[in-house]
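Every number for a ligand or one of its atoms is a count from 1 in the order of the listing. When a residue number appears, it is its place in the shown sequence, counting from 1.
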Amino acid sequence: MKKALITGIRGQDGAYLAKLLLEQGYQVYGADRRSSDSSYWRLEKLKIKDKVKIIYMDLLEESNVYEVMRTYKFDEIYNLAAQSFVQVSFNQPLLTANVNSMGTLRILEAIRLFSRDTKFYQASTSELYGKVQEIPQRETTPFYPRSPYAVSKLFAHWITVNYREAYGMFNVCGILFNHESPLRSIEFITKKVVNGVCKIKLGLVDKIEVGNIEAKRDWGYAPEYVYGMYLMMNHPNPDDFVLATGEIHSVKELIEKAFSLVDIYISWQDKDGKIIGVDQQGKIRVQTNQEYYRPSEVDILVGDYSKAKQILGWEPKVKFDKLIEIMVEEEMKELKEKK
Ligand code: NAP
Ligand code: G4F
């Protein structure tokens with residue numbers, strides 16, 4: 001039985017990956033940083049909480065990371081833990097760098113010193129492409145990070161590659177484009193919009209407030225992306241892969257799609273106060289708020305996943321329309337249950 005450690009077990013990807021690895025017959029350990037909020041709601045929702053062994057490991061605590069590696073000697077480690085919210089990284093750049101960059105290096109050093117045969121997956125990101133140098137972005141596209149988050153992930157990406165080349169370690173980087181699901185945290189735009197739209201439909205709130213609606217992203221479905229991580233780790237040669245859908249949509253389209261699914265026309269108020277469109281009940285449903293704009297934005301991301309398709313046989317089935325339908329349906333169900 002293979003033994004895998006997932007850091008970031010409480011996050012969206014951690015939960016889906018744990019479920020997948022359990023189904024594949026792995027013994028799954030989840031690294032959790034200790035906090036007063038002991039909720040494992042995602043693992044509970046997927047009905048796997050009792051099957052995952054929780055280990056306390058904070059990426060900020062070097063001796064903790066070393067001790068865990070020395071004790072368990074895992075077959076595989078999936079490093080999903082991160083300060084993963086781009087906007088917060090502008091307010092907490094040092095913490096972001098410490099967790100995302102140095103946290104990754106702490107694990108790599110621990111593997112190098114105590115558990116050399118452990119395979120390592122690093123959660124790299126399409127944010128590395130930032131101010132894009134090529135459309136679509138692929139593994140060979142030069143990076144141009146645009147936030148402290150992206151810069152921190154750039155270090156983590158290259159140090160993972162460097163340890164592979166310098167020490168012959170089995171290290172892979174998954175350069176994943178945005179992937180979403182009903183388990184997404186509320187601060188990210190897909191979940192924020194879906195939650196807001198469903199609450200408007202149920203009469204719980206009047207409007208949603210958002211930032212830059214012109215930004216464009218390549219949004220996929222998280223359970224399919226964690227399958228890609230598994231394929232990368234189980235391929236004979238360690239390498240780096242883009243996972244994406246190849247489809248591009250703006251935040252504006254995301255909002256329009258979500259409202260259309262609950263049959264509400266939208267009236268918008270832009271950041272200069274101008275009102276566009278009329279809602280059936282004469283209400284402003286979407287307001288643009290400067291608070292949600294970023295000091296430097298990533299305007300467009302769209303990935304070319306042909307390497308993953310060719311070498312791993314990975315291909316996404318759920319594209320934008322279906323993704324938003326899944327999220328709206330699940331959100332509506334949950335809100336009605338709570339009501
Ligand atoms: P997420 O939901 O934000 O989960 C991140 C997890 O990291 C959380 O469970 C968090 O713990 C944990 N964490 C934060 N600081 C830590 C620390 N100091 N020590 C230990 N654990 C810590 O992220 P996700 O969406 O699942 O993404 C997984 C990974 O993929 C992240 O590294 C992210 O940057 C990367 N990524 C995500 C996407 C995407 O679209 N989802 C795309 C590309 C790359 P708490 O629960 O205690 O806060
Ligand atoms: O949903 P977002 O916060 O995701 P973002 O910044 O693309 O980052 C996510 O995907 C990355 C992969 O590309 C991951 F590495 C990262 O960890 C995270 O999972 O924002 C998407 C876009 C941005 O352009 C943002 O400016 O939506 C725009 N946006 C407009 N209004 C908003 C809002 N984003 C958020 N979160 N909230 C708003 O109100």
Would [X] count as a polar contact of ligand 1, with the cut-off being nitrogen or oxygen pairs under 3.5 Å?
X	value
Ala82	yes
Ile9	no
Ser126	no
Asn79	no
Leu59	yes
Lys153	yes

Starting from [atom], which protein heavy atom do you reach first, and at what distance in Å?
atom	value
atom 39 (O) of ligand 2	Lys192 NZ, 2.7 Å
atom 31 (N) of ligand 2	Gly211 N, 2.8 Å
atom 25 (O) of ligand 1	Arg184 NH1, 3.3 Å
atom 10 (C) of ligand 1	Arg33 NH2, 4.1 Å
atom 14 (C) of ligand 2	Tyr149 OH, 3.5 Å
atom 38 (C) of ligand 2	Ile189 CD1, 3.5 Å
atom 8 (O) of ligand 2	Val86 CG2, 3.7 Å
atom 23 (O) of ligand 1	Ser84 OG, 3.6 Å
atom 26 (O) of ligand 2	Glu297 OE2, 2.6 Å
atom 44 (C) of ligand 1	Ser124 O, 3.5 Å
atom 39 (C) of ligand 1	His179 CE1, 3.3 Å
atom 26 (O) of ligand 1	Asp13 N, 2.9 Å
atom 23 (C) of ligand 2	Arg217 NH2, 3.4 Å
atom 30 (O) of ligand 1	Ala123 CB, 3.4 Å
atom 4 (O) of ligand 1	Gly11 CA, 3.4 Å
atom 10 (O) of ligand 2	Asn178 ND2, 3.1 Å

**Item:** Result of checking Asp239, Asp240, Asn171 against Arg164 for side chain to side chain donor-acceptor pair (under 3.5 Å)
**Value:** Asp240
**Message:** Which residue is it: Tyr230, Tyr26, Phe170, Phe120? I am looking for the one with a side-chain contact (heavy atoms from CB on, under 4.5 Å) to Glu76.
**Reply:** Tyr26
For [X], counting its heavy atoms only, list the atoms of ligand 2 lying under 4.0 Å from any of them.
X	value
Asn212	28 (C), 30 (C), 31 (N)
Val251	27 (O), 28 (C)
Ala215	24 (O)
Ser126	12 (C), 13 (O)

**Request:** State the atoms of ligand 1, each with its element, that fall below the 4.0 Å cut-off from a heavy-atom position in Thr125.
**Result:** 43 (C), 44 (C)
**Message:** Show me which atoms of ligand 1 lie under 4.0 Å from any heavy atom of Asn178.
**Reply:** 40 (O)
Is the Lys NZ or Arg CZ of [X] less than 6.0 Å from the centre of [Y]'s six-membered ring, within 45° of the axis?
X	Y	value
Arg10	Tyr40	yes
Lys2	Phe74	no
Lys252	Trp268	yes

Touching ligand 1 at all, [X]? Heavy atoms, strictly under 4.0 Å?
X	result
Met57	yes
Thr7	no
Ala15	no

Where's the contact between [X] and ligand 1, heavy-atom distance under 4.0 Å: side chain, backbone, both or neither?
X	value
Ser35	neither
Tyr149	side chain
Asp58	both

**Asked** Once the angle between the rings of Phe320 and His249 is folded into 0 to 90°, is it parallel (under 30°), tilted (30 to 60°) or perpendicular (over 60°)?
**Response**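 Correct class here is parallel.
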**Message:** When you measure from the side chain of Ser296 to the backbone of Arg146, do you find a donor-acceptor pair of N or O atoms at a distance under 3.5 Å?
**Reply:** yes
Indicate whether any N or O donor in one side chain lies under 3.5 Å from an N or O acceptor in the other, for [X] and [Y].
X	Y	answer
Gln287	Lys207	yes
Arg42	Ser181	no
Gln133	Thr141	no
Asn64	Arg33	no
Glu109	Tyr163	yes

Say whether [X] and [Y] are linked into one hydrophobic cluster, either directly or through other cluster members, by side-chain heavy-atom distances under 4.5 angstrom.
X	Y	value
Leu105	Met69	yes
Ile200	Ile284	no
Met233	Val161	no

**Asked** What about Trp314 and Tyr225, are their ring centers closer than 6.0 Å?
**Response**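 Between Tyr225 and Trp314, which both carry aromatic rings, the centre distance is below 6.0 Å.
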Does any part of the side chain of [Y], heavy atoms only, come nearer than 4.5 Å to the side chain of [X], both counted from C-beta?
X	Y	answer
Ile135	Val302	yes
Thr160	Thr104	yes
His235	Leu312	yes

**Item:** Val210 contact mode with ligand 2 (heavy-atom cut-off under 4.0 Å)
**Value:** both
**Asked** Which option out of Ala150, Ser84, Ala82 puts a heavy atom nearest to atom 16 (C) of ligand 2?
**Response** Ser84
**Item:** Closest to atom 34 (N) of ligand 2 (judged by heavy-atom distance), picking from Arg294, Glu291, Glu187, Arg146
**Value:**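 It is Arg294 whose heavy atom sits nearest to atom 34 (N) of ligand 2.
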**Message:** Between ligand 2 and Arg184, is the shortest N or O to N or O distance under 3.5 Å?
**Reply:** yes
**Message:** Quick check: Trp219 and ligand 2, any N/O pair under 3.5 Å apart?
**Reply:** no
**Message:** Just to check, does Tyr293 reach to within less than 4.0 Å of ligand 2 when the distance is taken from its heavy atoms?
**Reply:**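 No, Tyr293 has no heavy atom closer than 4.0 Å to ligand 2.
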**Request:** Decide if atom OH of Tyr144 counts as having more than 12 heavy atoms of other residues, nucleotides or ligands within a radius under 6.0 Å.
**Result:**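 No - once you tally the heavy atoms of other residues, nucleotides and ligands closer than 6.0 Å, there are 12 at most.
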